[in-house]
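Input: a single structure, listed below in structure tokens.
Numbering of ligands and ligand atoms starts at 1, following listing order. If you're wondering where the values come from, they're calculated on a predicted model, not measured in any experiment.
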Amino acid sequence: NILQELTGNGKGVKGDEKKFEISKEGNLYYLNDKIRKISTYDAQNQHENSPIISGKLVSSKTTTFSDPSSVDAHAYAERTYDFYKKTFNRDSYDAKSSPIKSYIHVGEKWNNAAWDGEKMLYGDGDGKTFISLAGALDVIAHELTHAVTQFTANLQYRDEPGALNESMSDIMGVMIDDNDWLIGEDVYTPNKPGDALRSMSNPKKYNQPDHYDDRYTGYQDNGGVHINSGINNKAAYLIAAGGKQSSVTVDGIGRVKTRAIYYRALTEYLTATSQFIDMRDAAIQSAKDLYGANSKEVKAVKQAYDAVGVV
Ligand SMILES: CCC(=O)Oc1c(C)cccc1C(=O)O
Ligand SMILES: [Ca+2]
Ligand SMILES: [Zn+2]
């Protein structure tokens with residue numbers, strides 16, 4: 001690459017040392033990765049609903065950056081970018097190498113993270129429910145996957161399509177932060193070790209259904225997008241890890257093949273109004289495309305959706 005690489009460093013939200021790509025303009029250094037086109041801004045506690053969230057590109061007098069939220073937001077965006085490029089040959093969220101912008105210190109003690117249609121937003125948390133949400137790789141991967149979904153299937157953010165939108169973000173979140181089936185564990189309830197925002201292996205542990213017959217049909221949470229995502233999350237877990245549910249046994253095929261199936265379903269088959277049954281069909285078709293019509297991978301997909309009652 002013609003650009004001269006420049007490495008920055010700093011401690012993340014959990015106190016761990018990280019390295020990342022920066023740039024120098026004049027006598028200041030900036031969280032601006034010109035190779036991946038990733039830049040990180042400080043929203044300086046502007047309210048998350050303010051029409052235009054402006055921000056100050058994070059800078060430092062030296063190559064060491066002292067704001068842990070900025071360190072993690074920048075480094076984890078790079079990790080997520082690299083995963084999509086290496087694993088699926090996708091260049092940024094729109095596959096057209098569009099710039100990735102992250103804003104930290106959004107709102108006041110905001111227990112939230114979001115993709116707002118054009119940039120990523122991270123709250124600092126209130127210190128009880130969350131610490132800075134930029135501090136978790138699976139959170140950042142979840143948010144950037146909302147952007148990927150927007151530029152591919154563009155699943156509507158309500159009811160069943162919305163639950164699938166949420167599930168795709170959780171699936172890629174655990175595939176990128178790939179040492180567990182938990183979501184948000186690194187930044188959730190600092191005073192309660194060992195818990196998480198969601199579990200894909202056991203959705204019910206955090207009050208999500210793991211079977212279609214138990215789906216939420218009310219109006220809260222845009223028709224339960226963070227509730228019913230548990231059903232598809234469990235299916236994805238079963239496809240990868242195997243297991244038994246509602247007297248159906250699934251022979252797992254591993255994380256690598258599972259993420260390939262879901263990425264293909266998201267980018268080739270799902271649409272804005274896909275329902276859970278369409279997710280089943282899209283996953284089966286994707287497994288057929290990738291591994292053959294009578295493959296054990298196709299069998300695992302069918303078994304998993306049988307197990308979660310999407311038939
Ligand atoms: C795993 C990241 C996540 O779920 O972020 C959200 C939070 C913490 C609150 C509300 C919505 C979201 C989201 O991105 O869906
Ligand atoms: Ca995790
Ligand atoms: Zn989400």
Measure the distances from the heavy atoms of [X] to every atom of ligand 1 and state whether one is below 4.0 angstrom.
| X | answer |
| --- | --- |
| G184 | no |
| Y157 | yes |
| V225 | no |

Assess, by modelled atom type and distance only, whether the side chains of [X] and [Y] contain a donor and an acceptor separated by less than 3.5 Å.
| X | Y | result |
| --- | --- | --- |
| T145 | S169 | no |
| D170 | H142 | yes |
| N165 | T149 | no |
| K37 | Y81 | no |

**Request:** Kindly confirm or rule out an N or O of N112 lying under 3.5 angstrom from an N or O of ligand 1.
**Result:**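 Such a contact does not occur with ligand 1.
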**Prompt:** Mind checking whether D138 has an N or O less than 3.5 Å away from an N or O of ligand 1?
**Reply:**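 No: no nitrogen or oxygen of D138 is under 3.5 Å from one in ligand 1.
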Show every donor-acceptor pair shorter than 3.5 Å between a side-chain atom in residues 177-191 and any protein atom, with sequence neighbours excluded, or say none if there are none.
{"unit_1": "D180", "atom_1": "OD1", "unit_2": "L182", "atom_2": "N", "d": "2.9"}
{"unit_1": "T189", "atom_1": "OG1", "unit_2": "D195", "atom_2": "OD1", "d": "2.6"}
{"unit_1": "T189", "atom_1": "OG1", "unit_2": "D195", "atom_2": "OD2", "d": "2.7"}

May I ask you to list the atoms of ligand 1 that are less than 4.0 angstrom from any heavy atom of [X]?
| X | answer |
| --- | --- |
| I183 | 1 (C) |
| H226 | 11 (C), 12 (C), 13 (C), 15 (O) |
| E143 | 2 (C), 3 (C), 5 (O), 13 (C), 14 (O) |
| L133 | 8 (C) |
| E166 | 13 (C), 15 (O) |
| R198 | 1 (C), 3 (C), 4 (O) |

Answer yes or no: are there more than 12 heavy-atom neighbours, outside [X] itself, under 6.0 Å from its atom [atom1]?
| X | atom1 | result |
| --- | --- | --- |
| E17 | CD | yes |
| N294 | CG | no |
| K128 | NZ | no |

**Item:** Smallest separation among heavy atoms of I140 and D72, with atom names
**Value:**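 What the structure gives for the nearest pair is CD1-O, 3.7 Å.
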**Partners passing ring-ring contact (aromatic ring centres under 6.0 Å, His included) against Y93 (at least two apart in sequence or in another chain)** =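 By the ring-ring contact (aromatic ring centres under 6.0 Å, His included) rule, Y93 matches W115, F151.
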**Asked** Close to the Zn ion (ligand 3), meaning under 2.8 Å, how many protein N, O or S atoms are there?
**Response**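 That number is 3, waters not included.
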**Asked** Do D82 and R36 meet the salt-bridge criterion of a basic N to acidic O distance under 4.0 Å?
**Response**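 Salt bridge between R36 and D82, a charged N being under 4.0 Å from a carboxylate O: yes.
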**Single-linkage hydrophobic cluster I277~L155, side-chain heavy atoms < 4.5 angstrom** =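 Both belong to a single hydrophobic cluster.
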**Request:** Give the intermediate values and the outcome of side-chain hydrogen bond (donor to acceptor under 3.5 Å, both in side chains) for residues S54 and Q46.
**Result:** CA-CA 8 Å; S54 63; Q46 281 174 84; 3.2 Å; yes
**Asked** What protein N/O/S atoms lie closer than 3.0 Å to the Ca ion (ligand 2)?
**Response**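 Near the Ca ion (ligand 2), the protein supplies D138 OD2, D177 OD2, D180 OD1, L182 O, E185 OE1, E185 OE2.
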**Prompt:** Starting from atom 6 (C) of ligand 1, which protein heavy atom do you reach first, and at what distance in Å?
**Reply:**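 Ranked first by proximity to atom 6 (C) of ligand 1 is A113 O, 3.7 Å.
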**Message:** Let's go through H146 and E166 carefully: what are the C-alpha distance in whole Å and the side-chain angles of both, what is the deciding distance for side-chain hydrogen bond (donor to acceptor under 3.5 Å, both in side chains) to 0.1 Å, and is it a yes or a no?
**Reply:** CA-CA 8 Å; H146 276 312; E166 268 301 304; 2.9 Å; yes
**Message:** Between V106 and N45, is the side chain to side chain contact (heavy atoms under 4.5 Å, CB included) condition met? List the steps.
**Reply:** CA-CA 5 Å; V106 172; N45 298 109; over 6 Å; no
